**Student:** 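The following block contains the structure, expressed as structure tokens.
Bear in mind the structure is a predicted one, so any value in this text is a computation, not a measurement. Residue numbers start at 1 and run along the sequence shown.
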Amino acid sequence: MDKSMIGDLDNLPEADKQRMAAMIDQLQIRDSLRMYNSLVERCFSDCIDSFRRKTLDKQEETCVRRCAEKFLKHSMRVGLRFAELNQGQATSDD
């Protein structure tokens with residue numbers, strides 16, 4: 001998004017700013033739920049292979065914990081890299 005579009009948001013009426021903020025909040029919630037669902041689906045598929053009992057056995061629990069940690073670290077790294085790229089693009093636009 002170029003800076004002229006961002007600057008134009010300041011000129012919007014207050015009601016439109018509130019609608020935009022609500023839309024952004026909804027998009028962030030949707031993206032968070034998608035990430036959570038991806039995490040659950042992936043770790044379940046990778047770590048759970050039978051339904052022997054109600055609780056996870058030690059091996060499954062360890063696998064799920066490692067899977068979740070890797071997924072979250074990867075997501076954080078991608079987010080930081082994306083922020084770096086956006087920062088670099090913003091400074092090159094000046």
**Student:** Look up atom CE in Met23 and atom CG in Asp16, then write down how far apart they are to the nearest 0.5 Å.
**Tutor:** 10.5 Å

**Student:** Calculate, to the nearest 0.5 Å, the distance between atoms CD and CG belonging to Gln26 and Asp31 respectively.
**Tutor:** 12.0 Å

**Student:** Are the side chains of Lys70 and Arg42 in touch, meaning some heavy atoms are under 4.5 Å apart?
**Tutor:**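 Heavy-atom side-chain distance check fails, nothing below 4.5 Å.
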
**Student:** For the residue pair Lys73 and Arg77, establish whether any side-chain heavy-atom pair is separated by less than 4.5 Å.
**Tutor:**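 They are not in contact (no side-chain heavy atoms under 4.5 Å apart), so the answer is no.
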
**Student:** In terms of SG positions, are Cys67 and Cys47 separated by less than 2.5 Å?
**Tutor:** no

**Student:** Counting C-beta onward and ignoring hydrogens, is there a side-chain heavy-atom pair between Arg34 and Arg30 closer than 4.5 Å?
**Tutor:** yes

**Student:** Start with the C-alpha distance between Glu60 and Asp49, add both sets of side-chain angles, then the distance that settles side chain to side chain contact (heavy atoms under 4.5 Å, CB included), and finish with yes or no.
**Tutor:** CA-CA 9 Å; Glu60 291 170 333; Asp49 55 354; 3.9 Å; yes

**Student:** Within this structure, what is the CD1-CG distance for the pair Ile48 and Asp57, rounded to the nearest 0.5 Å?
**Tutor:**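 Taking CD1 in Ile48 and CG in Asp57, the distance rounds to 7.5 Å.
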
**Student:** Does atom CD (Glu84) have a neighbourhood of more than 12 heavy atoms from anything else shown, all under 6.0 Å?
**Tutor:** yes

**Student:** Can Arg65 and Glu69 be counted as an ion pair, charged N to O under 4.0 angstrom?
**Tutor:**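 Not counted as a salt bridge, because no side-chain N and carboxylate O are separated by less than 4.0 Å.
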
**Student:** Using the rule that two of Ile, Leu, Val, Met, Phe, Trp, Tyr join whenever any of their side-chain heavy atoms come within less than 4.5 Å, decide whether Phe44 and Leu56 are in one cluster.
**Tutor:** yes

**Student:** If you measure from CD on Glu41 to CG on Asp46, what distance do you get to the nearest 0.5 Å?
**Tutor:**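 With rounding to 0.5 Å, CD (Glu41) is 10.0 Å from CG (Asp46).
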
**Student:** How close do Leu39 and Ala68 get, counting heavy atoms only, and between which atoms?
**Tutor:**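 It is CD1-CA, 3.5 Å.
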
